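This report concerns only the one structure given below.
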Protein chains: 4
Amino acid sequence: MFSKFLNLDQEKQDRIINAAIKEFAQKGYERASTNEIVKEAGISKGLLFHYFGNKKQLFLFLFDYCYEIIAEQFYQKINLDEKDFFTRIRQAVMIKMELLTIYPDLFKFIEEAYMEDSAEVKIEIDKRVKEWNDANFGKAYEGIDFSKFRDDMDIKKVLKIITYTFEKLSEEELLKAKLSPTHHVDYEKVFLEAEDYFEIFTKCFYK
Amino acid sequence: MFSKFLNLDQEKQDRIINAAIKEFAQKGYERASTNEIVKEAGISKGLLFHYFGNKKQLFLFLFDYCYEIIAEQFYQKINLDEKDFFTRIRQAVMIKMELLTIYPDLFKFIEEAYMEDSAEVKIEIDKRVKEWNDANFGKAYEGIDFSKFRDDMDIKKVLKIITYTFEKLSEEELLKAKLSPTHHVDYEKVFLEAEDYFEIFTKCFYK
Amino acid sequence: MFSKFLNLDQEKQDRIINAAIKEFAQKGYERASTNEIVKEAGISKGLLFHYFGNKKQLFLFLFDYCYEIIAEQFYQKINLDEKDFFTRIRQAVMIKMELLTIYPDLFKFIEEAYMEDSAEVKIEIDKRVKEWNDANFGKAYEGIDFSKFRDDMDIKKVLKIITYTFEKLSEEELLKAKLSPTHHVDYEKVFLEAEDYFEIFTKCFYK
Amino acid sequence: MFSKFLNLDQEKQDRIINAAIKEFAQKGYERASTNEIVKEAGISKGLLFHYFGNKKQLFLFLFDYCYEIIAEQFYQKINLDEKDFFTRIRQAVMIKMELLTIYPDLFKFIEEAYMEDSAEVKIEIDKRVKEWNDANFGKAYEGIDFSKFRDDMDIKKVLKIITYTFEKLSEEELLKAKLSPTHHVDYEKVFLEAEDYFEIFTKCFYK
DNA sequence: AATGAATGAGTTTTCATTCAT
DNA sequence: AATGAATGAAAACTCATTCAT
């Protein structure tokens, strides 16, 4: 599919990818300009289309690219020997924060992509997100000692409640950051707040 | 502000509003075409701008319009005499579903508006959402008997967990619907699933 | 022609005239908006066209109106008993400056009108200017004692040289004023400079 | 800046330049339509903006282009060895007339540009005119034998009187031409009239 | 492979003028 | 006389995509 592009020398690939991610992250799919991308990447107009066919395919390629990098890094850093659920989740939250500071553009891009509602692109993104979630949900919980959980509740639903809560919390923090003048997330505060929720969940869901 | 528009006969107002909501809901702010809106509404190009000044003001007008209708209907239908939290929430979920089937376009539009990331419009929408939330969060929980909740947990965080869970559940159901061939939400299934969560929450959070 | 308009009570006429002059003076013929004019004048859209037919006729009406007021004032103030040419010219320059400070809008409008190159309007304006000049050239020089001038030169050409010089000088000063930050003409400096030219002309053209 | 445009083959450049000059000369900046220009030039709408960015830049490019051509031709034709002021001026007038018949459109465009009062463009044009005048005023009078002039008058003001007179004369002739049915300047008559003025000036300003 | 000139349908917005009331 | 809603052609400008070189 993108084999022509992937055969380029790494430096050129990076130039193009970074230029494109930057533009999409800043302006969203619709407003992003392929003109700006080629200018920033220092390549010709025709070449971009030679490699990616059209804007949509470029966008989806980048989405997969970003997702893969982040996922790979994530599973490399996480310690799957840790059996306690909450310790594992705590780890995951910290790693996510770490990656956020290392790859802010990739996260920004992914975040924008999630919210993209250009009909053309949304369905494709949603499909990919679903696939990724299905594939990785199990992985993230690999080796967890679920015997610590109460027996009188559907454990799948319990996990969902926990996951939903942390997802919504981080969405809210990102929104707050966007509306604040500095645009910065106060990670320490977030982490402290998260601890409170861990405590509640432990009380509720552990035996 | 929009007094010229609001003095029109209801039928014409509706034609314009429906055409605009449809277009924005389908394509998002940026891609929506004022050309399409006037064509669908059967009015001239100039008239739309005579009433609304520009595309952005039209969009924000529609947002307020949709929000007001839905909120008004919601608070008309909900029974604020019901003191039990979960019974109240159960009511709210049912009313929301009912409204979703009566006004699918309004919800679709609101949903898209939330996710809009055209910088021009996003900030304005976020502002409005924050105001609405601040104003209505208290209202929805008016008269609730919070003494039934456990005393060893921060009740605000508990309420957040519950709210987040139901929000995420409905987001997921809407996404599933979009990806399904029929585009329909299976309300009965959703309701049954919700019951399971109510049970878990009651066990966890009530004394 | 404009009898409908001229039968209005003076106050309403003035409101309309002032609003229109202001708009045209500020933006020129093409960019001036009839919308702004009616808003400023506090009348309806239809009425303006009821009185003046179209934008062009309104513009030409205003041109005549301004010209008449200024000319009338000018010939009222000038002392036609003064027989010496240069004293008379000196008077004329001073009166013009005085009127410029009393009726800045009218002058600004006239000035803009002269420079108007909307083809539609330019020819009409040029025609009127020519007519006015022909009619008034004689009048301005009424009673002048031309016997003081040298006999070996065509006096008509001599007068033209003098007139051209002062016209160009004031054009240049207006341009300078426009390019300066304050937009103000330094009348005193202009007057002193004019004196130098009077001296040269007296030396050259008087016996 | 306009390097993309200047790399085109001459024929295409000319087509575009001529179409644009024609449209601007006829209608002035504001009323000129880029649509008409591309139609006349036989190029696509996008291309014009690819080359010139926007209407204003196109206009200013044309102004510089016209000015340069005319100035270059002028200084190529004028004989700077001629030391007598009036002979030199006579030469200049003739060359200007000659150029006016060779490049009527360029002159027309420049003339309209001078008078342009679209605020957007006027300031830029005025700036350029001032620069050109400062740079070329000295050049035109290079090598002139000013010792022939009377010593009892400020020579700078004398030169201004002479320049103003000829400028106004040609303005008047152009206006007459515009109002005449044929639109043609009667150069012979103009030249004869100019001779009369030369005579007056020689009598007045030479020793 | 690589270029970048060229396209043209598309966008939002403006505005003089009309006309039913 | 007076209103102002309604029109729709026209404006400047954009941009993903193509294609000859």
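Everything numeric here is computed off the predicted structure, so don't read it as measured data. Numbers restart at 1 for each chain; the letters A, B, ... are given by sequence-line order, proteins then strands.
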Given DNA chain F, 5'-ward residue of the pair B:K4 and A:G46, judged by closest heavy atom: B:K4

C:S33, nearest nucleotide to its side chain (from E:dT13, E:dA1, E:dA16): E:dA16

Ranges pairing with ranges for DNA chain F, where each run has three or more Watson-Crick or G-U pairs under 3.5 Å: E:2-21 with F:2-21

Note: D:E23-D:K27 ion pair, threshold 4.0 Å (strictly below): yes

Nearest to side-chain heavy atoms of D:L47, which nucleotide of E:dT11, E:dA5, F:dA5: E:dA5

Reported CD1-to-CD1 distance for the pair A:I69 and A:I17, which is rounded to 0.5 angstrom: 7.0 Å

Rounded distance (Å) that lies between atom P of F:dC15 and atom CG of D:N54: 14 Å

Along DNA chain F (nearest heavy atom to each residue), the more 5'-positioned of D:K56 and A:A32: D:K56

Candidate nucleotides E:dT11, E:dA5, E:dA2, ranked by approach to the side chain of A:Y51 - the nearest: E:dA2

F:dT17 base / A:K45 side chain donor-acceptor hit below 3.5 Å: yes

D:T34 side-chain proximity, nearest of E:dA1, F:dA12, E:dT13: F:dA12

Euclidean distance, atom CZ of residue A:F49 to atom P of F:dA16 [Å, nearest integer]: 6 Å

D:R15 and D:E11 ion-paired at < 4.0 Å: yes

Partner set under salt bridge (Lys or Arg N to Asp or Glu O under 4.0 Å) for A:D14, not counting sequence neighbours: none

Spacing of A:I37 atom CD1 relative to F:dC15 atom C1', expressed in whole Å: 12 Å

A:K39 with A:E36: basic N within carboxylate O range, under 4.0 Å: yes

Spacing between D:K39 atom NZ and E:dG8 atom P, to the nearest angstrom: 14 Å

Sugar-phosphate only, base, or nothing, as touched by B:N35 at under 4.0 Å among non-hydrogen atoms: base

Note: B:K22-B:D105 ion pair, threshold 4.0 Å (strictly below): no

Distance test, side-chain N/O of C:S44 to OP1/OP2 of F:dA2, below 4.0 Å: no

Sugar-phosphate, base or nothing in reach of B:K12, heavy atoms under 4.0 Å: sugar-phosphate

Atom-pair distance (CD on B:E36; P on E:dA9), nearest Å: 16 Å

Whole-Å gap separating C1' (F:dT17) and NZ (A:K55): 12 Å

From A:V121, A:L48, A:T34, A:I37, residue fulfilling side chain to side chain contact (heavy atoms under 4.5 Å, CB included) relative to A:K55: A:T34

Integer-rounded Å distance: E:dG4 P and D:N7 CG: 11 Å

Atom-to-atom span, CZ of C:R31 to P of F:dA12 - whole angstrom: 12 Å

Under 4.0 angstrom between A:H50 side-chain N/O and E:dA1 OP1 or OP2: yes

Salt-bridge present (B:E111, B:K108; N to O < 4.0 Å): no

